[in-house]
Protein chains: 2
Amino acid sequence: MRKTASRSTPRRPPSRPAPTTARAARSRSPSGTNAAPASAPLPGEGKRGEDGHLAYLLRQAQAAARLSLDRALTSTGLTHPQFVVLTMLKAYPGLSGADCARIALLTPQTVNVIIANLERDGAIRKTPHPVHGRVLQWNLTRHGLALLARARLKAAAVERRLAGSLGKRELVTVRRWLAQVAAEFHQD
Amino acid sequence: MRKTASRSTPRRPPSRPAPTTARAARSRSPSGTNAAPASAPLPGEGKRGEDGHLAYLLRQAQAAARLSLDRALTSTGLTHPQFVVLTMLKAYPGLSGADCARIALLTPQTVNVIIANLERDGAIRKTPHPVHGRVLQWNLTRHGLALLARARLKAAAVERRLAGSLGKRELVTVRRWLAQVAAEFHQD
DNA sequence: CGCATGATATCAGAGCTCTGATAAGTTGTC
DNA sequence: GACAACTTATCAGAGCTCTGATATCATGCG
């Protein structure tokens with residue numbers, strides 16, 4: 001597994017308290033020449049809220065969700081890209097690295113790194129002799145299946161939170177938008 | 001600079017006449033022991049479409065949009081994280097690295113890398129002596145402002161495509177969802 | 001004053017992700 | 001059968017991102 005030394009504190013030092021922080025103090029500091037920086041907004045305020053750029057909001061939301069998922073997965077020793085690849089490989093056994101790249105919207109080089117780490121950890125195995133081709137086919141080991149099963153439980157919780165605030169119709173809208181964005185920009 | 005003609009990363013060839021591709025052929029290969037891998041779906045099909053997990057859809061959409069934005073920005077020499085930091089620094093001049101980290105939902109170490117590269121490229125400058133504190137305040141240079149201006153034009157095009165397919169009400173739904181996801185998971 | 005606490009900046013290490021380039025195997029065409 | 005075009009796997013290099021750990025500075029408390 002991933003050389004997990006000691007993940008005792010998988011938490012970001014939670015420094016997100018009241019506006020009486022060092023930052024607020026510094027904003028009022030008599031630095032003189034520099035206009036005091038306008039106090040930075042919290043997520044959800046101003047440009048960072050519903051009025052912000054879609055690209056920025058998308059990035060922000062994905063970053064937050066990804067981080068949360070990654071932390072939920074630390075107990076399994078998987079990273080979230082590894083979780084994605086494992087899931088794909090279970091759904092479609094025998095995919096090659098290039099196949100994975102296409103499906104995950106990643107480059108083959110990127111997938112190569114992820115696959116190399118998964119193999120090193122004994123979660124996947126390449127079929128030694130694909131008969132035809134230079135291609136390498138990948139499959140989950142028993143260990144990989146167990147890993148995936150545990151990771152799924154964690155991921156399910158994140159999934160529920162993502163959908164939590166949405167009504168039935170809204171959920172359809174969001175899903176359709178996400179799928180369409182992926183499909184449209186995929187051609188680039 | 002983008003080298004549109006020949007890309008090393010294999011994109012799905014647009015002209016695929018019949019299911020007689022290399023992958024499909026391999027799927028039917030007489031490897032015997034291995035169950036033929038079910039043909040992988042295109043983005044938008046099956047689990048990869050509207051029915052997929054929200055977390056997966058979110059990741060997929062952001063990956064596609066990010067990649068597109070990154071490529072649009074290559075002509076400016078900026079990466080998209082650099083674009084984000086530059087934008088923040090213009091809106092709130094004099095932020096410290098730690099401030100940027102909080103706003104961008106990133107760790108201070110991550111922002112440190114981005115800031116270091118921006119400084120190396122002469123796009124930002126640290127105010128030499130913040131009077132009080134060990135803090136470093138950052139501001140855009142003239143060069144940084146020019147860079148940002150050019151990048152904004154490119155980003156605007158991506159932004160339009162993101163919103164393209166959405167009606168007025170749907171746009172509100174999507175924006176609200178994204179903002180809320182960011183806010184909710186931010187606490188983790 | 002001296003020290004504990006908290007915030008900031010950084011160093012180190014690992015993993016993810018891209019672009020570019022190279023080598024090797026497959027397939028289709030002549 | 002030989003050659004061209006395409007696919008696959010990798011190597012190399014750069015940038016982004018996280019966790020952990022350390023050193024410095026500021027503030028609050030005894």
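Naming convention: chains lettered A, B, ... in sequence-line order (proteins, then strands); numbering from 1 in each chain.
- Distances shorter than 4.0 Å separate none of the side-chain N or O atoms of A:Arg71 from OP1 or OP2 on D:dC18.
- For the pair A:Asp70 CG and C:dA14 C1', the computed distance is 13 Å after rounding to whole Å.
- Panel note: side chain B:Thr141, backbone B:Ala123; a donor-acceptor pair is recorded below 3.5 Å.
- For the OP1/OP2 pair of D:dT10 and a distance below 4.0 Å, the side-chain nitrogens and oxygens of A:Asn112 include at least one atom meeting the criterion.
- Distances shown here put every side-chain N or O of A:Arg134 at or beyond 4.0 Å from the OP1 or OP2 atom of D:dC6.
- Dashed line: the shortest gap from a side-chain N or O of A:Arg66 to OP1 or OP2 of D:dC16 is not under 4.0 Å.
- Rounded to an integer number of Å, the gap from CZ of B:Phe185 to P of D:dC18 is 16 Å.
- A:Asn117 comes within 4.0 angstrom of the backbone, heavy atoms only, and of no base.
- When the P atom of D:dC16 is taken as reference, atom CG of B:Leu73 falls 12 Å away, rounded to whole Å.
- If you take CZ of B:Arg59 and P of D:dT17, they are 13 Å apart, rounded to a whole angstrom.
- Minimum heavy-atom separation, A:Leu147 to A:Thr76: CD1-O, 3.8 Å.
- For A:Thr110, whose side chain is taken as the heavy atoms from C-beta onward, the closest listed nucleotide among C:dT17, C:dC16, D:dC16 is C:dT17.
- One donor-acceptor pair, N or O on each side, does fall under 3.5 Å between the base of D:dG20 and the side chain of B:Gln109.
- With hydrogens and angles ignored, the 3.5 Å screen pairs a side-chain donor or acceptor of B:Glu170 with a backbone N or O of B:Gly167.
- Listed nucleotides C:dC18, C:dA9, C:dT8 differ in distance to B:Leu136; the shortest reach to its side chain belongs to C:dA9.
- One can place CD1 of A:Ile103 at 12 Å from P of D:dT8, the figure rounded to the nearest angstrom.
- Within the 4.5 Å cutoff, the side chain of B:Trp138 has no heavy atoms near those of the B:Val85 side chain.
- Salt-bridge check for B:Arg125 with B:Glu119: failed, with every basic side-chain N at 4.0 Å or more from each acidic carboxylate O.
- Relative to the side chain of A:Leu67, the nucleotides D:dC16, C:dA9, D:dT19 differ in distance, and D:dT19 lies closest.
- In this structure, B:Leu106 places its CG atom 14 Å from C1' of D:dT19, rounding to the nearest Å.
- With hydrogens and angles ignored, the 3.5 Å screen pairs a side-chain donor or acceptor of A:Asp70 with a backbone N or O of A:His80.
- Both A:Trp138 and B:Val113 lie close to DNA chain D; mapped to their nearest nucleotides by heavy-atom distance, the more 5′-ward contact belongs to A:Trp138.
- The side chain of B:Thr79 places an N or O atom within less than 4.0 Å of a non-bridging phosphate oxygen (OP1 or OP2) of D:dC16.
- Put simply, A:Arg120 has a side-chain N or O that comes within less than 4.0 Å of OP1 or OP2 on C:dG15.
- Remark: B:Arg102 is in phosphate contact with C:dT8, judged by side-chain N or O atoms under 4.0 Å from OP1 or OP2.
- Put simply, NE2 on B:His80 is 6 Å from P on D:dT17, counting in whole angstrom units.
- Atoms CG (A:Leu105) and C1' (C:dC18) sit 14 Å apart, rounded to a whole Å.
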